[in-house]
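Down below is the structure, laid out as structure tokens.
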Protein chains: 2
Amino acid sequence: MGITTRQIAKQFKIHHSTVSRALQDDPRISEARRKEIKQFAKKKNYVPNMIAKSFFSKKTYTIGIIVSDLTNSFFSTVTKGIEDFVNQKDYSVFICNTDESIDEEKKDLNTLLEKRVEGIIVASATLDKKYFSELSKIEAPIVLIDRFPLNAPLSYVGINNFEAAYKATKYLLSLGHRRIAHIMGRLESERMQGYSQALKDAGIKNTSNYITQSGLRINDGYKAMQELLKFKQRPTAVLAVTDAVGMGAIAAIKDEGLDVPRDISICGFDDIEYSQFTNPPLTAIRQPVYEIGRRAAEILLNDIKNKHSDLRSKRTHVLLDTELVIRKSCKKLKQK
Amino acid sequence: MGITTRQIAKQFKIHHSTVSRALQDDPRISEARRKEIKQFAKKKNYVPNMIAKSFFSKKTYTIGIIVSDLTNSFFSTVTKGIEDFVNQKDYSVFICNTDESIDEEKKDLNTLLEKRVEGIIVASATLDKKYFSELSKIEAPIVLIDRFPLNAPLSYVGINNFEAAYKATKYLLSLGHRRIAHIMGRLESERMQGYSQALKDAGIKNTSNYITQSGLRINDGYKAMQELLKFKQRPTAVLAVTDAVGMGAIAAIKDEGLDVPRDISICGFDDIEYSQFTNPPLTAIRQPVYEIGRRAAEILLNDIKNKHSDLRSKRTHVLLDTELVIRKSCKKLKQK
DNA sequence: CTGAAAGCGCTTACAG
DNA sequence: CTGAAAGCGCTTACAG
């Protein structure tokens with residue numbers, strides 16, 4: 001193992017507390033001593049033991065991030081936003097994937113707490129109120145991202161999902177579509193509600209007819225679209241819960257010998273980097289993904305700093321703006 | 001802060017070592033004691049302090065991963081592969097982004113070492129031999145991925161880049177292309193060499209004419225392609241150093257009013273999930289990305305376990321197979 | 001300017 | 001079956 005302050009001290013026949021002080025540039029230690037100690041430490045590749053430091057100071061300079069799947073472009077981008085921000089402040093980050101399992105999430109949470117992270121950012125695999133009220137009792141600051149019940153007793157940053165989905169659906173309606181389907185996510189019911197409301201506001205009944213549930217990945221979208229394709233009256237447009245699902249849907253449509261947007265229009269949600277390159281380029285709601293991560297990190301670090309003061313914002317709720325990015329995957333329907 | 005073993009001990013007027021043992025299910029502690037202690041601990045939300053445990057045991061159950069950019073599909077997939085594997089063994093992972101900066105990489109490495117990770121997996125931002133020989137002196141096991149000089153004095157897992165690029169270039173040649181360009185990466189010179197060798201073997205001189213260097217992202221590919229488009233004799237095919245670069249190249253070609261593959265064929269490298277959805281679908285060399293992560297994790301954990309024994313494989317070199325996935329972005333040239 | 005002590009929360013030999 | 005002690009590598013009041 002690495003050399004310790006005690007071993008350095010022995011070398012100079014001094015006390016290890018002096019070594020500790022010299023290494024910290026304590027002005028009370030004489031210039032000469034400091035120099036020789038630091039030089040020796042360097043030569044011996046001394047690496048301060050943060051575990052011991054943390055043990056003493058109660059500061060670990062680490063936070064944890066819990067997401068469902070890093071492979072998902074949304075989550076890797078959020079994570080990058082978080083990492084970039086906290087790194088500047090000398091924090092490290094533990095990353096945990098839950099694969100949408102709430103049990104895994106609880107396990108991860110526990111591990112993080114055992115490792116004494118100073119704060120946690122979580123995109124939860126559940127929306128269970130009880131769970132969140134438990135979370136809010138945890139001492140370490142927590143910031144929710146992406147998934148959260150509005151008015152959860154915790155800080156969160158994300159978007160207004162209802163509004164965004166409403167906006168997307170209205171766009172589809174404005175193109176003349178009436179049979180608009182929605183491939184919804186397990187936890188993305190706000191988006192589904194925004195979709196439904198838009199249909200209702202347009203005077204469309206039975207808005208739940210064309211709703212099918214799916215996972216968030218490409219394959220999930222493929223399968224969900226296959227289901228929608230079985231309807232005798234096929235939808236003419238589909239609002240997908242994520243871009244990846246939208247891509248899967250496009251693939252399913254093509255495999256059926258149909259065309260996007262000629263036969264069916266597709267609107268995505270996220271606007272990941274690759275969506276501009278699909279065929280056709282995907283029209284989608286854009287979330288400021290990186291920014292979501294950055295803001296969450298900012299709030300978390302702030303809560304950590306003010307942990308013991310009243311400045312701690314136990315409940316900062318940030319909803320960032322979304323934007324409908326119109327590309328080529330949605331077609332205007334001819335008037336009948 | 002959370003409750004400690006001492007506080008629990010006080011509650012029952014016993015010694016904290018007894019509490020420690022009860023919590024560990026030490027059979028020497030009486031059934032009754034154990035039960036009441038565990039129950040009380042649970043009620044009080046006792047969370048064992050891993051920092052203290054690590055401090056004692058010298059095991060932190062954490063590893064570090066250093067990559068250039070998590071936003072890059074390749075790296076997030078590798079990371080997932082690593083995480084999934086080590087999680088089963090109860091390890092946590094620190095994730096560090098270097099953004100291709102070697103200074104940042106060194107800083108990250110140092111932080112990881114201070115935090116006493118038990119091992120590190122790194123996709124380095126450099127190929128400097130001196131650097132790697134320094135790395136090899138570090139006590140913690142290290143496994144290199146993606147970027148490494150062949151025969152580096154460290155374990156690594158990746159692919160045979162030379163061979164893969166050779167294979168891709170040969171495919172382009174077989175399609176009748178002669179003016180084949182290569183958008184190379186800063187560190188991907190093996191791929192470039194495979195490309196050059198294939199051209200040479202086909203009797204093509206001046207193989208460096210059509211080589212241009214670029215970053216690894218979409219935008220980088222866009223800019224690099226713009227340069228290639230300026231040649232009086234434009235290339236008829238391009239081997240891109242990554243899929244993302246290939247996508248950028250396609251965009252640049254289209255923006256110039258040209259078509260892929262009609263005017264220029266594009267071959268990617270990686271075969272990320274999104275490449276099947278581009279327009280046209282991207283022909284690319286497929287790397288077993290997730291598997292690279294998994295294997296690297298396996299070797300690392302093995303080295304950690306055998307750290308002090310001869311079983312430690314200080315230099316396991318694994319090169320996984322690649323495959324050329326033919327889709328629609330490369331066209332057969334007509335015979336003249 | 002430097003030293004000796006105490007303590008952070010655990011665990012594990014050593015006793016009994 | 002349980003206790004008391006020592007120690008992991010640091011830091012920081014307290015002395016002098």
Side-chain angles (χ1 to χ4, degrees), chain A residues 1-38 40-41 44-62 110-111 113-118 139-140 308, chain B residues 1-38 40-41 44-62 110-111 113-118 139-140 308:
Chain A
M1 262 300 149
I3 193 174
T4 69
T5 49
R6 273 196 157 84
Q7 292 171 49
I8 296 176
K10 207 190 295 175
Q11 180 69 207
F12 295 103
K13 300 187 201 305
I14 55 178
H15 196 86
H16 65 273
S17 59
T18 303
V19 173
S20 169
R21 283 194 269 255
L23 259 15
Q24 291 172 86
D25 286 318
D26 187 314
R28 281 145 53 197
I29 305 299
S30 68
E31 184 66 21
R33 268 249 173 287
R34 232 190 303 172
K35 257 196 176 157
E36 64 178 2
I37 289 173
K38 292 186 103 172
F40 182 77
K44 291 290 184 180
N45 284 317
Y46 170 74
V47 181
N49 187 332
M50 266 296 290
I51 300 287
K53 281 194 193 187
S54 305
F55 190 35
F56 177 86
S57 68
K58 307 268 160 268
K59 277 197 75 65
T60 54
Y61 284 99
T62 100
N110 196 257
T111 303
L113 258 17
E114 288 186 349
K115 292 197 168 156
R116 294 299 190 259
V117 295
E118 296 182 34
E139 256 199 70
H308 301 293
Chain B
M1 260 303 148
I3 193 174
T4 68
T5 48
R6 273 196 157 82
Q7 292 172 50
I8 297 176
K10 208 190 293 175
Q11 180 68 208
F12 296 103
K13 300 187 201 305
I14 55 177
H15 195 86
H16 65 272
S17 58
T18 304
V19 173
S20 170
R21 282 194 270 254
L23 259 16
Q24 291 171 86
D25 286 318
D26 188 314
R28 282 142 54 197
I29 306 299
S30 68
E31 183 66 22
R33 265 250 174 287
R34 233 192 300 172
K35 258 195 177 158
E36 64 177 2
I37 288 174
K38 291 186 105 173
F40 183 78
K44 290 291 184 180
N45 284 317
Y46 170 74
V47 181
N49 186 332
M50 265 296 290
I51 300 288
K53 281 194 192 187
S54 305
F55 191 35
F56 177 85
S57 69
K58 306 270 162 269
K59 277 198 75 68
T60 54
Y61 285 98
T62 100
N110 196 256
T111 303
L113 259 14
E114 289 186 349
K115 292 196 167 154
R116 294 301 190 258
V117 294
E118 296 183 35
E139 256 198 71
H308 301 293

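This structure is a prediction, so every number in the text was calculated from the model and none was measured. Each chain gets a letter, A, B and so on, in the order its sequence line appears, and its residues count up from 1.
At a threshold of 4.5 Å between non-hydrogen side-chain atoms, the residues B/K53 and B/P48 count as touching.
A pairwise comparison of heavy atoms in B/L113 and A/V47 identifies C-CG1, 3.9 Å as the closest pair.
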Shorter than 3.5 Å, N or O on both sides, protein versus nucleotides 13-15 of chain D: list them out with atom names.
{"from": "D/dA13", "atom 1": "N6", "to": "A/R21", "atom 2": "NH1", "distance (Å)": "2.9"}

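Residues satisfying the ring-ring contact (aromatic ring centres under 6.0 Å, His included) criterion with A/Y61, sequence neighbours excluded, are A/Y91. With sequence neighbours excluded, the residues that form a side-chain hydrogen bond (donor to acceptor under 3.5 Å, both in side chains) with B/T4 are B/Q7. Residues satisfying the side-chain contact (heavy atoms from CB on, under 4.5 Å) criterion with B/E36, sequence neighbours excluded, are B/F12, B/R33. For A/Q11, the side-chain contact (heavy atoms from CB on, under 4.5 Å) partners are A/F40, not counting sequence neighbours. Legend: residues meeting ring-ring contact (aromatic ring centres under 6.0 Å, His included) with A/Y46, ordered by chain and number and at least two apart, are absent. In terms of the side-chain contact (heavy atoms from CB on, under 4.5 Å) criterion, residue partners of A/T111 (sequence neighbours excluded) are, by chain and number, A/K115, B/S92. Taking A/F56 as the reference, nothing meets the ring-ring contact (aromatic ring centres under 6.0 Å, His included) condition, with sequence neighbours excluded. Evaluation of the salt bridge (Lys or Arg N to Asp or Glu O under 4.0 Å) rule for B/K38 yields B/D25 as partners, not counting sequence neighbours. Under the side-chain contact (heavy atoms from CB on, under 4.5 Å) criterion, B/K35 pairs with B/E31, not counting sequence neighbours.
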For DNA chain D, the dot-bracket notation using Watson-Crick and G-U wobble pairs below 3.5 Å, [ ] for pseudoknot-type crossings and | for other-strand pairs, is |||.||||||||.|||
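The side chain of A/T18 places an N or O atom within less than 4.0 Å of a non-bridging phosphate oxygen (OP1 or OP2) of C/dG3. OP1 or OP2 of D/dG9 has not a single side-chain nitrogen or oxygen of A/Q7 nearer than 4.0 Å. Side-chain nitrogen and oxygen atoms of A/Q24 include none within less than 4.0 Å of the OP1 or OP2 phosphate oxygen of D/dC10. Within the structure, every side-chain polar atom (N or O) of A/S20 is placed at least 4.0 Å from both OP1 and OP2 of D/dC10. Side-chain nitrogen and oxygen atoms of A/H15 include at least one within less than 4.0 Å of the OP1 or OP2 phosphate oxygen of C/dA4. Taking 4.0 angstrom as the limit, A/R33 places a side-chain polar atom (N or O) nearer than this to OP1 or OP2 of C/dT2. Regarding contacts with the backbone of D/dT2, a side-chain N or O of B/S30 is found under 4.0 angstrom from either OP1 or OP2.
Within residues 45-57 of chain B, the residues having any heavy atom under 4.0 Å from DNA chain D are, by residue number, B/F55, B/F56.
Rounded to an integer number of Å, the gap from B/R34 CZ to D/dT2 P is 10 Å. When rounded to the nearest whole Å, the span between CD of A/E114 and P of C/dT11 equals 11 Å. Rounded to whole Å, atom P of D/dG9 lies 9 Å from atom CZ of B/R116. In this structure, CZ of B/R6 is placed 13 Å from C1' of D/dG3, rounded to the nearest angstrom. Distance CD1 (B/I3) to C1' (C/dG9): 13 Å, rounded to an integer number of Å. Note: NE2 (A/H16) to C1' (C/dG3) measures 10 Å, nearest angstrom. The interatomic distance linking A/K58 (NZ) with D/dC10 (P) rounds to 16 Å, in whole Å. Across the protein-nucleic acid pair, B/D26 atom CG and C/dT11 atom P stand 11 Å apart, rounded to whole Å.
Judged by distance alone, the side chain of B/E118 and the main-chain N or O of B/K59 form no donor-acceptor pair under 3.5 Å.
The nucleotide whose nearest atom lies closest to any side-chain atom of B/I29 is, among C/dT2, C/dA6, D/dT2, D/dT2.
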